[in-house]
Amino acid sequence: MNEIKIFSPATVANVACGFDVLGFCLDSVGDEMVIRKIDKKGIFIAHIEGFDLPYETKKNVAGVSALAMYETLDVDFGFEIEIYKNIKPGSGIGSSAASAVGSVFGMNELLGRPFNKTQLTEFAIKGEALASKCEHADNLAPALFGGFTLVKSVSPLKILEIPCPDDLYATIIHPQIEIKTSEARAVLPKDVPLNDAITQWSNLGSLVHGLHTNDYDLIKDSLQDVIIEPHRSKLIPYYNEVKNEVLAAGALGACISGSGPSIFTLNKGLETSKKVANAMKKVYQNTNIEFDIHISKINTQGIKII
């Protein structure tokens, strides 16, 4: 096999109380990528559609992660990458992570899978760092592993797969404004009160337990962010209005997806997810801000071959 086409999914990171460690995978939106072997040694970005991204390998997220992997190989051929970008950069649903993961996953398949998913995540971290200015894996891990993942540590990298209820859905609204991850990090405090830290790690532990035990009431009670949300929510127009409406419509919880501007909810069942989508639409249709809404079952497979 000399060529492969893949679907690299969007993801939601942080998941309220899980800043930089928790994420989950979506199945209704993602990028498509083509990876092929070529006779010329090296990594080359051959084609990009959807958004204006750099073709220079060392300036492209997919290229940087591919190079990190390629430099460990002893091969006399190279790889070409085509990117069909459906996830808008800066949307808060893992656009850069989808690119970073897609290139290394595709190369690994063409090489006969010499690397496991954790090793692929380590390569992809190098590409993600180009976009976010720091190495973290909370978007990368769910894209590769599927479902919910918790990054136990980055050095050494350890990823835990978290089960979740079968009827758990996400609804996401993406206001068409851009918030760069690096800018969203700049508004965060360097120190937090001890009481807030205790509340946050209590919520994270409870959320993970709720996912393990299919306890929707506990999931609902745990989707609270007392550290990040108060600062980043100010960057997102009508954030509080959206949150109030979706909770009234039956969402288990709502918070910022990644660094924003997307807002996600977790919901029990498809019908509730549709009601939540209508509640989101109700807020934003009266503004001059364009938006997209996605309803997605939790994608337990992750990245896949098309």
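Nothing fancy with the numbering, it's 1 onward along the sequence.
A continuous path of Ile, Leu, Val, Met, Phe, Trp and Tyr side chains, each step under 4.5 Å between heavy atoms, connects Ile177 with Ile293, placing both in one hydrophobic cluster. Hydrophobic clustering, with ILVMFWY side chains joined whenever heavy atoms are under 4.5 angstrom apart, groups Val75 together with Leu120. Grouping the Ile, Leu, Val, Met, Phe, Trp and Tyr side chains by contacts below 4.5 angstrom, directly or via other members, places Ile159 with Val101. Val192 is connected to Leu188 through a chain of hydrophobic side-chain contacts under 4.5 Å among Ile, Leu, Val, Met, Phe, Trp and Tyr, so both are in one cluster. When hydrophobic clusters are built by joining Ile, Leu, Val, Met, Phe, Trp and Tyr residues whose side-chain heavy atoms come closer than 4.5 Å, directly or via intermediates, Leu110 is grouped together with Ile6.
Under the salt bridge (Lys or Arg N to Asp or Glu O under 4.0 Å) criterion, Lys59 pairs with Glu56, sequence neighbours left out. Under the rule for a side chain to side chain contact (heavy atoms under 4.5 Å, CB included), Asn244 has no partner lying at least two apart in sequence or in another chain. With sequence neighbours excluded, the residues forming a ring-ring contact (aromatic ring centres under 6.0 Å, His included) with Tyr238 are Tyr284, listed by chain and number. The salt bridge (Lys or Arg N to Asp or Glu O under 4.0 Å) search around Lys274 returns Glu271, not counting sequence neighbours. Applying the ring-ring contact (aromatic ring centres under 6.0 Å, His included) test to Tyr70 and every residue at least two apart in sequence or in another chain returns nothing. In terms of the ring-ring contact (aromatic ring centres under 6.0 Å, His included) criterion, Phe145 has no residue partners (sequence neighbours excluded). Applying the salt bridge (Lys or Arg N to Asp or Glu O under 4.0 Å) criterion to Lys5, with sequence neighbours excluded, gives Glu32.
Sorted by first and then second residue, the salt bridge (charged side-chain N to carboxylate O under 4.0 Å, His left out) pairs involving residues 60-85 (not counting sequence neighbours) are Asp31-Lys85, Arg36-Glu80, Arg36-Glu82. Listed by first and then second residue, the ring pair (Phe, Tyr, Trp, His ring centres under 6.0 Å) pairs involving residues 10-30 are Phe24-Phe148, Phe24-Phe264 (not counting sequence neighbours). Residue pairs satisfying the salt bridge (charged side-chain N to carboxylate O under 4.0 Å, His left out) criterion with at least one member in residues 91-114, sequence neighbours excluded, are listed as follows: Glu109-Arg113. Sorted by first and then second residue, the pairs that involve residues 30-62 and meet ring pair (Phe, Tyr, Trp, His ring centres under 6.0 Å), not counting sequence neighbours, are His47-Tyr84.
Between the side chains of Asn267 and Ser273, at least one donor-acceptor pair of N or O atoms lies under 3.5 Å. Between the side chains of Gln176 and His174, at least one donor-acceptor pair of N or O atoms lies under 3.5 Å.
Side-chain atoms of Leu270 and Asp167, non-hydrogen and from C-beta on, never get closer than 4.5 Å to each other. Side-chain atoms of Val12 and Leu266, non-hydrogen and from C-beta on, never get closer than 4.5 Å to each other. Residues Ile81 and Ile45 are in side-chain contact: their nearest non-hydrogen atoms beyond the backbone lie under 4.5 Å apart. The side-chain heavy atoms of Glu229 and Tyr239, taken from C-beta on, include a pair separated by under 4.5 Å. Within the 4.5 Å cutoff, side-chain heavy atoms of Leu67 are placed close to those of Lys58. Under the 4.5 Å side-chain criterion, counting only non-hydrogen atoms from C-beta, Asn14 is in contact with Arg232. At least one side-chain heavy atom of Met280 sits under 4.5 Å from a side-chain heavy atom of Val276. At least one side-chain heavy atom of Leu22 sits less than 4.5 Å from a side-chain heavy atom of Leu207.
Heavy atoms only, all atoms of each residue included: Ile256 and Ser233 are closest at CD1-N, 3.6 Å. The two residues Cys25 and Pro142 have their closest heavy-atom pair at CB-O, 3.4 Å. The nearest pair of heavy atoms linking Ile227 to Ala197 is CD1-CA, 4.1 Å. Between Thr265 and Ala251, the shortest heavy-atom contact is CB-CB, 3.9 Å. Among all heavy-atom pairs drawn from Ile87 and Pro9, the shortest one is CD1-C, 4.2 Å. The shortest non-hydrogen separation linking Ala98 to Ser8 is O-OG, 2.7 Å.
With values rounded to the nearest 0.5 angstrom, Lys281 atom NZ is found 10.5 Å from Ile173 atom CD1. Considering NZ of Lys37 and CD1 of Ile35, their distance stands at 13.0 Å, rounded to 0.5 Å. The line from CD of Glu122 to OG of Ser65 is 13.0 Å long, rounded to the nearest 0.5 Å. Interatomic distance, CG of Leu252 versus CG of Leu168, reported as 7.0 Å (0.5 Å rounding). Here the straight-line distance linking atom NZ of Lys234 with atom CG of Asn240 works out to 10.5 Å at 0.5 Å rounding.
Side-chain atoms of Thr300 never come within 3.5 Å of backbone atoms of Gly147 as a donor-acceptor pair (strictly under, hydrogens ignored). A donor-acceptor pair under 3.5 Å links the side-chain atoms of Ser257 to the main chain of Gly92, judged by distance alone. The closest donor-acceptor contact from the side chain of Gln200 to the backbone of Val226 lies under 3.5 Å. Of the possible polar contacts, none joining the Asp138 side chain to the Ala13 backbone as a donor-acceptor pair under 3.5 Å is found. Between the side chain of Asn60 and the main chain of Pro54, a donor-acceptor pair closer than 3.5 Å is present. With hydrogens and angles disregarded, no donor-acceptor distance shorter than 3.5 Å links the side chain of Ser103 to the backbone of Gly63. A donor-acceptor contact shorter than 3.5 Å is absent between the side chain of Thr72 and the backbone of Ala68. Thr121 places no side-chain N or O within 3.5 Å of a backbone atom of Ala141 that could act as its donor or acceptor partner.
Atom NZ of Lys275 has 12 or fewer heavy atoms from other residues, nucleotides or ligands within 6.0 Å. Counted within 6.0 Å of CD on Gln285, heavy atoms from surrounding residues, nucleotides or ligands total more than 12; the atom is thus considered enclosed. Surrounding NZ of Lys297 are more than 12 heavy atoms belonging to other residues, nucleotides or ligands, all under 6.0 Å away.
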Practice prompt. Verify side chain to side chain contact (heavy atoms under 4.5 Å, CB included) between Leu73 and Leu111, making sure each step is shown before the conclusion.
Written response: CA-CA 10 Å; Leu73 304 173; Leu111 291 166; 3.7 Å; yes
Practice prompt. In sequence, state the C-alpha distance, the side-chain angles, and the governing distance for Glu161 and Lys117, and then conclude on salt bridge (charged side-chain N to carboxylate O under 4.0 Å, His left out).
Written response: CA-CA 12 Å; Glu161 296 181 72; Lys117 290 178 181 179; 5.7 Å; no
Item to complete: Using the side chain to side chain contact (heavy atoms under 4.5 Å, CB included) rule, take Asp225 and Val15 through it: C-alpha gap first, then chi angles, then the decisive distance, then the call.
Response: CA-CA 9 Å; Asp225 175 10; Val15 197; over 6 Å; no
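Between Asp20 and Arg185 there is a salt bridge, since at least one side-chain N of the basic residue sits less than 4.0 Å from a carboxylate O of the acidic one.
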Mind listing the side-chain donor-acceptor pairs of residues 211-221 below 3.5 Å, one per line with the distance, residues two or more places apart or on another chain?
unit_1 : atom_1 : unit_2 : atom_2 : d
Thr213 : OG1    : His209 : O      : 2.8
Asp215 : OD1    : Asp217 : N      : 3.2
Asp215 : OD1    : Leu218 : N      : 3.0

